[in-house]
J.: 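Mind looking over this structure? Questions follow.
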4 protein chains.
Amino acid sequence: MSQRQSKSEEAGSRESERRHTILRAAIDVFARKGYHGCRIADVAREAGVAYGLVYHYFKNKDELLETVAATGWSGFVTRLRAVAEDETSSIEQKVHGIAEVAFEAYRVDPRAVKVLILEIARSPSGGHVVTRQQAFLDTIRMAADMFARAQAAGQLREELDPMLCASLLVGSIEMGLTAFVSGLMEDRSPEALERARTQISESFLRGVLPNAALQETSWKQDKTSSGTRPKAGKRA
Amino acid sequence: MSQRQSKSEEAGSRESERRHTILRAAIDVFARKGYHGCRIADVAREAGVAYGLVYHYFKNKDELLETVAATGWSGFVTRLRAVAEDETSSIEQKVHGIAEVAFEAYRVDPRAVKVLILEIARSPSGGHVVTRQQAFLDTIRMAADMFARAQAAGQLREELDPMLCASLLVGSIEMGLTAFVSGLMEDRSPEALERARTQISESFLRGVLPNAALQETSWKQDKTSSGTRPKAGKRA
Amino acid sequence: MSQRQSKSEEAGSRESERRHTILRAAIDVFARKGYHGCRIADVAREAGVAYGLVYHYFKNKDELLETVAATGWSGFVTRLRAVAEDETSSIEQKVHGIAEVAFEAYRVDPRAVKVLILEIARSPSGGHVVTRQQAFLDTIRMAADMFARAQAAGQLREELDPMLCASLLVGSIEMGLTAFVSGLMEDRSPEALERARTQISESFLRGVLPNAALQETSWKQDKTSSGTRPKAGKRA
Amino acid sequence: MSQRQSKSEEAGSRESERRHTILRAAIDVFARKGYHGCRIADVAREAGVAYGLVYHYFKNKDELLETVAATGWSGFVTRLRAVAEDETSSIEQKVHGIAEVAFEAYRVDPRAVKVLILEIARSPSGGHVVTRQQAFLDTIRMAADMFARAQAAGQLREELDPMLCASLLVGSIEMGLTAFVSGLMEDRSPEALERARTQISESFLRGVLPNAALQETSWKQDKTSSGTRPKAGKRA
DNA sequence: TATGAATGAGCCTTCATTCAT
DNA sequence: CATGAATGAAGGCTCATTCAT
């Protein structure tokens, strides 16, 4: 019967809807109270559903938060990977692209980023929560591979350790965003964000590119346009 | 980070001895199980003292952990401040000094550093635990001041935001150490640590110093002795 | 114990079919997991029906289990009563008949008997579940009446308490079956069952019949054969 | 210091006292509400202690109830074993002794016996609660061994199955006690108990002993004095 | 009828904190 | 000072029951 069909259609979307509502609520509470401060009751209330329904969609608290992490992380990682593994672009473009992905994520959903940065990335290392730490470390490893390839191609100073480069890039971006997340940076306007993003990637690149590359590149002079203050004659 | 000064000062007193034992135990458990996984019972067992004794020396769990943080942090901050506010040294020396302080702390007591980095710095922001976050942010602000002064003196590219510079330095060092703490870096020998420290400060400086300063400095060529591979003629 | 009379009567109706499916499933789960371990969800899954359907046919869990008990019990009790109140047969015949009814029930549906014996007969006495206990006790009372009548007729040693006789008979049969249900008896072949049944009723009768009655009977000497009744003209 | 000594002494008895209080309370609640109806909160309230204290002495609910079972059972089983394995006594004495142990236990602590009979012996067979069932079955096996030895010595009719004999004895005693526990027997005076005990063992023995043994024994005629009604000339 | 999503009370368990000795 | 028994609030999870479709 057509009724059945509509029912299943409804049910499908309905289910996803509910599940998604709960997930969103979990992200919010997670962001607000942190991993351990996040009570199922809070999530349920935030989502406007009954307590038990959470357990209808998620086996237990851990799976819920794991899903929050995975969901938030996965899209992010996918985009990062696309940038890092795009073999048509230079290392400079990739670094810029990575920073852009991170900052864009923050622009779109600062709350989720806060969760990712403050909770997931650095969550209690003890126990079965390995997945989270792992996700974060995997990201660094991916970047390390990227740098290793760049180094092989002479695009990275050869005395640098690719893994460490990756850590530094990630650490810079993360702490840069933390500066916003934590309120260290007072001006959180899109322009300020843009400026920060540029400073981060340019400073980083300056630090790790071979001198030859620095000379060749024009961004030292004019890329500044896209954010940092016009400091013409900076080097001349 | 792990101080022994207070210990040496009060080593004679029984009370301090016990107190210190508990504090050490707390750091260990804290490092092993994380903030929320750390139960008073664990600390007591680790310290080999009775359950209730912890409450003789610390008002409650929070104060205990606050003390762990404060103790570990204070000496560290003191030394950082000494470096950052020493007006006789250049910004390069300061940056190198800061990295050195951090890495030395890690060399002396990796466990404590792990706690500081993974738990205290990023502990649950929600609630009364502000102190910890604050401690971390204060450190960044201190570094920001340092950079601001350097910028005023023309030692830092003027288009850079000092606060962001501070964040990047701290983020780089922190993630660099995290790479060791988390096992990302397989070689944890003193030499590897030394090499990493050098790469971090040199890359950072390269990224933020004015071009003029880069040309003048000799470390680009020969500082490499202290860690990075001899890349003579790299730029010539 | 497991009735098929109601089934055959209403076999045509869809409703009854479903209802019966659920009832059977309940007996199975009940037998497998016990009273409290039996969840409605389990019953539904076992029956292959939707969760809520159980509530169409049974008001609640308790009614379901009550029905399981009643259904299983009622036919059993009916048959027992027929035996116990048949005034044309001797007490020996009645005792043999009772054991036969019980063992036949076990032969037909051991699972249901297990439920009846292990769960219903001894289910939590506390609360509204009185019905079950009651059913069991009523059976004993019925047997006690039987023995009282026999005693009045001189067929039972006069110093015996009829109620206690009833308890002993029921206890013997029940524990005898338990020995099979629980796996104490390794050989569960029809022959072994038959032998056990005979041993139970004959031992019991030996214990409670007047000596005179014992002398008359031949089974004391030759019944030893194997267990089954070659006791033609047993008493006549 | 002597203070320490007295302290530890106190502590020892104090601990046992509390633990015992909780155990007693558990038995009571267990007896009143059954295995699954027994909530920790009830036990704590009954014992007059705080909720959490129960967990100080018992790992969890299961261990508590397991201990209840073990404790109640162990003394009982020990005494039964002493009787069943005393090779200086005849099978008649042993059967009488077993019934006596059971009835004495009931006289001393009817509540505990109720628990043992109604809950432990027949508790939900599903799951990790095997121990209980096992304890009960072990008792039957012990009795079966006893009967097997008696049979080998010609003290038991040779056509009987020892295991079944054991089941019948245990079943008779159990249901006999159940008759009292459940209220089926209205007169619960010590004399009534005594009478019941005698009827049970004598009827049972009559049922299983060889005819020769029956003739030899005098108890058929005069043992009746110890409980059953004076039925002189019963057989003559 | 039939389905299974939704609800929420109930219960076990943990653990920070207090207190008597 | 030291001990560890005692307390009880908090929170995760289960599962009987209801309800909209």
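Chain identifiers are assigned alphabetically (A, B, ...) following the order of the sequence lines, protein sequences preceding nucleic acid strands; residue numbering begins at 1 within each chain.
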J.: Within the 4.5 Å heavy-atom criterion, are Lys61(A) and Leu64(A) side-chain neighbours or not?
T.: no
J.: Quickly work out the Leu64(C) CG to dC15(F) P distance and round it to whole Å.
T.: 16 Å
J.: Nearest-Å distance, OH (Tyr57(A)) to P (dG12(F))?
T.: 20 Å
J.: Do Ile40(D) and Asn60(D) have side-chain heavy atoms sitting under 4.5 Å apart?
T.: no
J.: Quick one: Asp42(A) CG to dG12(F) C1', roughly how many Å, whole number?
T.: 13 Å
J.: If I take atom CD1 from residue Ile27(A) and atom OG1 from residue Thr71(A), how far apart are they, to the nearest 0.5 angstrom?
T.: 6.5 Å
J.: Can you tell me if Arg18(B) touches the phosphate of dC1(F), counting only side-chain N or O atoms and a distance under 4.0 Å to OP1 or OP2?
T.: no
J.: With rounding to the nearest 0.5 angstrom, report the OH to CG distance, Tyr57(C) to Leu23(C).
T.: 12.0 Å
J.: Check this one for me: any side-chain N or O of His56(A) less than 4.0 Å away from OP1 or OP2 of dA5(E)?
T.: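 For dA5(E), OP1/OP2 do have a side-chain N/O of His56(A) under 4.0 Å.
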J.: How many Å lie between CZ on Arg45(A) and C1' on dG11(F), as a whole number?
T.: 12 Å
J.: For Asp28(A), is there any backbone N or O sitting under 3.5 Å from a side-chain donor or acceptor partner on Lys33(A)?
T.: no
J.: Calculate the interatomic distance between Arg19(B) atom CZ and dA2(F) atom C1'; express it in whole Å.
T.: 17 Å
J.: Could you tell me if the side chain of Thr67(A) sits less than 4.5 Å from the side chain of Arg19(A), heavy atoms only?
T.: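 They are in contact (side-chain heavy atoms under 4.5 Å apart), so the answer is yes.
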J.: Round to a whole Å and report the spacing from CD of Glu66(C) to P of dA16(F).
T.: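 These atoms are roughly 16 Å apart.
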J.: Sort and list the pairs that fulfil salt bridge (charged side-chain N to carboxylate O under 4.0 Å, His left out) and have at least one residue in residues 46-55 of chain B, not counting sequence neighbours.
T.: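 Sorted result for residues 46-55 of chain B: Arg32(B)-Glu46(B).
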J.: Which letter, B, S or -, goes with each nucleotide of nucleotides 8-14 of chain E from 5' to 3', with contact meaning a protein heavy atom under 4.0 Å?
T.: B--SBBB
J.: Stem finding on DNA chain F, please: runs of three or more consecutive Watson-Crick or G-U wobble pairs, both distances under 3.5 Å, sorted by first number.
T.: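 DNA chain F stems, ordered by first number: E:2-21 with F:2-21.
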J.: What distance separates Leu65(C) CG from Cys38(C) SG, expressed to the nearest 0.5 Å?
T.: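 So the CG of Leu65(C) and the SG of Cys38(C) are separated by 5.5 Å.
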J.: So, are Asp109(C) and Arg24(C) salt-bridged, with charged N and O less than 4.0 Å apart?
T.: yes
J.: Heavy-atom nearest nucleotide on DNA chain F for Val54(D) versus Val54(B): which residue maps closer to 5'?
T.: Val54(B)
J.: Using atom CG of Leu65(B) as one end and atom C1' of dA16(E) as the other, report the distance to the nearest whole Å.
T.: 12 Å
